[in-house]
Amino acid sequence: MFPELNNILNSTPDSFKSSDFILVSDRQADASFLIHHYLSFYLRAGCKVCFLGLVQSFSHYSAVGQRLGVSLAQAREKGQLVFLEGLKDSIGAILQEESSQGTQHLSYLRSPGAGLKGLFRFVESSVRQNGDHDDGESWGPPVLLIDDLSVLLSLGVTVGAILDFTLYCQATMCTELQGNMVILVRCEEEDADDDEEGANLLQRGLVHQCNLALHVEGLPTGYCRDIHGQMQVWWRQSGETMYNPRKTFHFKVHDKGASFFARGTSSAVL
Amino acid sequence: MLLDVLQGAEPGGFILIQDTVKCTGRGILKCFINAALKRGEDVHVLGFEASETEVCAGLDRSCVQKLHFHKGFPDPLGWMCRSSFTVDQLTSQHITKLIKDSQHAKAPVLVIDSLSLVLRHHDPVVISQRLQVLRKGGDIKTIISLLHSDLHLHGVVGIVSQLASTVISVAPANNEHHAVATTTRRSKSGKVMQEEEYFNVSEDMTLSVQAKLRQHGHVQKEQKVAEADPASNLTFNLRLSEEERKAKEKLALPFVFSKEKKSALLRPTPGSGRIMYEPDANDDFDEEDPDDDLDV
Amino acid sequence: MAAPVRCMAGSSSRSNTTSFQKKTRSKLVSIPGTRPSVRSSSRSNTTSFQKKTRSKLVSIPGTRPSVQNGQLLLSSGVSSLDYVIGGGLAVGTLLLVEEDRYDSYSRMLLKYFLAEGVVCGHELFLASARDHPDEIMQELPSPIMDEVASLKISEGQPQPSDPENPDTMKIAWRYQNQPRVQTALASSLRFGHYYDVSKTMEPELRQTAKCHSFYQLQETPVTTGSSPLPSPYHALLKSIQTVIRKEGFDGSTPQSKTRNVLRLGLHSLGSALWGDDVCCKDNPAHCHALSTFLYALRGLLRTSLSVAMVTVPSHLIQNRAVMGRIIRLSDTAIALESFRGSEKETNPLYKDYHGLLHVRQLPHLNCLSCEGPDTKDLAFKLKRKQFTIERLHLPPDLSETVSRVSKTELAAGCGTTATGNKHLDF
């Protein structure tokens, strides 16, 4: 986890907001480093984590997790981490092999129009079964992490189906079980008439539902080796208040973490 | 005008609150619910997107028993088979049955939160027809609904807006503590009234309208932050002391005449040359072709 | 038979790699911040992103570990391209090449990729819809063997300088630790080979490599039922999976054979000859066919010792969103823009080059970040013995009148393309 990001968001593994829906999005940049942050954050906090890794293999997250100080393999063995390896399981479903008929959670691959009900059931069952710690304690509040949700659009699932899925996940995880949700969505370029089905529509729908939106983009002035991009933090309290503060930070990702600084205060500049 | 709409909902009305990512409309929706409760009306809320606790937070405690919340939220599509109200049940028969089940003296107010989820699953044409049937049915006094306008095609938002008698669009203002509401009200005779106002929603769900937006200059005034005085922190003095200022004002500028002299100059003096001109045949001005001698 | 030639190529490449690995092994230890993993990879043979232990490094010819994160890399055949994409292609990843307008340079890159596979002794899989794979194989450029041979000879000679540290300088020792200034973007560790484009590879050398091919026009269409993938892609995916399983690239067959890497070259996916209408219509019937195929291919690659290079005619794809999705589904993505036929051909600024190279995406695998290139303004030129990729230099302005050339055309985006105003006028 990144200590500077914890300071910005005012949270630590010992005390963080529950029932939080955090949306991480990017546009022509890569925000997956934030997923690694949240994965190590919640594992350190002792929460039960359900991770839908739809675009990378388990060993990728494991290797990065080692550098950030958590062992994913151990967490998986202990039952703290439930990891869905989307890539590995999907080949069977796409090629329609008999052995994969049993996997209901990947039903969206076999028939993309069907929706994500099967995937939701998988999520629900994995957070409800509360296996115990070694010393008899149960894990902390459940957390759902998804990397990344917009790849489902490439597989033919509609935006509406994905928004329904996230609504159900929010209802179960955040409202009922008082847990958290972190979802990564990768957006496309902004277009003039942007009301068509696409990742931008999906992102807008999710922003309506979320409590905290982190949006990562490249610098508007171009490529820079020392500043990898800018991140906009948008605190959205649920519903009524008009004032939803937004702040922008610059960041640089390095081997063992990421550093965040206010605009114009990069060490390369000062 | 926003407050008028809030206070007096005419029967058969359909109030549509449109919001976007930048500014949420749920606050105004809750103000409407609160106002209806305070007026003593029964309110039925079809909650699809937010939980009951979230919607009821901040509402007037004393009238809460007149609020009937139909739990769509944890399971609006029936996946878990434990919802009391699903999206498919937004039909006139069903709603009429719901209302008759909870007996009321007069027709209640129906609140839909939100219409976006319904439109995602059903044909917009079918939904508009159903809403119209509900409006005209007589069982419901008013329908108030929330719609996320940036989640649908422009055409779909247009259909629903056309159905509504009042459309309130919320947008963020430059000011942090207010937002801008554009209210468009269409009366039965076809007359349209439109107004833009700043508003604020307080903790107990009361709406306060701050100021009416007349023209853009008003907006500029609101956002003027105290600017730093540029004449400070200089090595030379740009300011004027009181005496200096008075002396400056007393100074007679060269071509500024006193009032008497001005009026004297403006009075026409008799006997000054006058030019009398009468156009004759050679001066035939053709307005369309001022340069008729040009050979271009 | 082909044995003598094979031995030379094979053993020289092997000896090349072992000697290079010796270098990198010592360098690995001395670089702070990276460490080889101690975890044994023998527990699960299915994933390829295991930090290979030292004994396993030697067994795969033509590969070397990355100095940044210990991943196994192999050469794309073009050493300057290897440098631009971070040292080489990581095993288990997908390289996407957006074709130039006439498919001349992208096809060249594909041939370099396959030729490198032949020289290193890797297995090949080539799929094409337009030209028969055998025709493409016959056009492979010939490797410049005397360089390879001379390296072997020089290995045998005793080193006059300190054998442990060949980099020590005798006279200019104060400059020993200064980083080398690199103008040409060539990696200092040569683990790739050079090819002579004017000659084609000897048939004996070519036949030493095992090549599987898939030619779309000859495949019988199979009804795929309700699969999300339409027929040609389904058949191609099935064929790739069969090859991977049969030859044991996913670790399913026992360890009797020495491990090898499979190089997949897929030419012009998305074109009409693959039965896909994504190139001609704004709203194609199967708009998710290509992206579903790439997703499944990514899954296959991650669970096997293989690398894929896919070329896509992106200049024909009408829908911008589709291209964005395809790029995000690949690991490394580059685009070639050739000057032939465009107005840039006569532009004096570009007279030294054949086209521009855009790096659309670089992978961060098994690590949070990796070093990107210094600049994104890259141009390429195909010379007889080398495909060079260089930083785009503006030639000196020797005209008598001052001409302000607009830099907007030249400023390529960032990694992270420029989202705002490009008209920065200094």
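Numbers restart at 1 for each chain; the letters A, B, ... are given by sequence-line order, proteins then strands. Values below: every heavy atom of this structure, side chains too, minus hydrogens, waters and symmetry copies. What you see is a predicted model; the values in this text were computed from it and never measured.
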Of all residues at least two apart in sequence or in a different chain, which pass the side chain to side chain contact (heavy atoms under 4.5 Å, CB included) check with B/Thr184?
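Once residues adjacent in sequence are excluded, the partners of B/Thr184 under the side chain to side chain contact (heavy atoms under 4.5 Å, CB included) criterion are B/Val192, B/Gln194.
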
Pair B/His148, A/Arg204 - check side chain to side chain contact (heavy atoms under 4.5 Å, CB included), show working.
CA-CA 10 Å; B/His148 304 301; A/Arg204 282 201 294 269; over 6 Å; no

Applying side chain to side chain donor-acceptor pair (under 3.5 Å), name anything that partners A/Asn7, two or more places apart in sequence or on another chain.
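A/Asn7 satisfies side chain to side chain donor-acceptor pair (under 3.5 Å) with no other residue.
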
Within a reach of under 6.0 Å around CD of B/Gln162, are more than 12 heavy atoms found that belong to other residues, nucleotides or ligands?
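Count not over threshold, so no.
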
Considering only heavy atoms from C-beta outward, does the side chain of B/His121 approach that of A/Asp164 to under 4.5 Å?
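They are in side-chain contact.
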
Measuring only between side-chain heavy atoms, which start at C-beta, is B/Pro76 closer than 4.5 Å to A/Leu167?
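In contact.
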
Using a 4.5 Å heavy-atom cutoff, which residues in residues 108-118 of chain B come close to chain A?
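Listed by number, the contacting residues are B/Leu117.
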
Verdict with supporting geometry, B/Asp150 and A/His208, side chain to side chain contact (heavy atoms under 4.5 Å, CB included):
CA-CA 10 Å; B/Asp150 53 358; A/His208 271 289; 3.0 Å; yes

Go through the atoms of A/Gln209 and report whether side chain, backbone, both or neither lie under 4.5 Å from a heavy atom of chain B.
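For A/Gln209, there is no contact with chain B at all, as no heavy atom is under 4.5 Å.
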
Side chain, backbone, both or neither: which part of A/Leu202 has a non-hydrogen atom closer than 4.5 Å to chain B?
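Neither; nothing under 4.5 Å.
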
Kindly say whether A/Ala161 contributes a backbone atom to a donor-acceptor pair with the side chain of B/Arg120 at under 3.5 angstrom?
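No, the answer is negative, given that no donor and acceptor are paired below the 3.5 Å cut-off.
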
Spell out, as yes or no, whether a donor-acceptor pair under 3.5 Å connects the side chain of A/Tyr168 to the backbone of B/Leu77.
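Yes, because the side chain of A/Tyr168 sits within donor-acceptor range (under 3.5 Å) of the backbone of B/Leu77.
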
Is the B/Trp79 ring parallel, tilted or perpendicular to the A/Phe120 ring (thresholds 30°, 60°)?
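The arrangement is tilted - the two ring planes meet at 30° to 60°.
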
As an exercise: rank B/Thr53, B/Thr20, B/Asp19 by heavy-atom pairs under 4.5 Å with chain A and give me the winner.
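Of the options given, most contacts go to B/Thr20.
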
Test: salt bridge (Lys or Arg N to Asp or Glu O under 4.0 Å). Region: residues 151-163 of chain A. Which pairs qualify, not counting sequence neighbours?
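Counting only pairs at least two positions apart or across chains, no salt bridge (Lys or Arg N to Asp or Glu O under 4.0 Å) contact touches residues 151-163 of chain A.
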
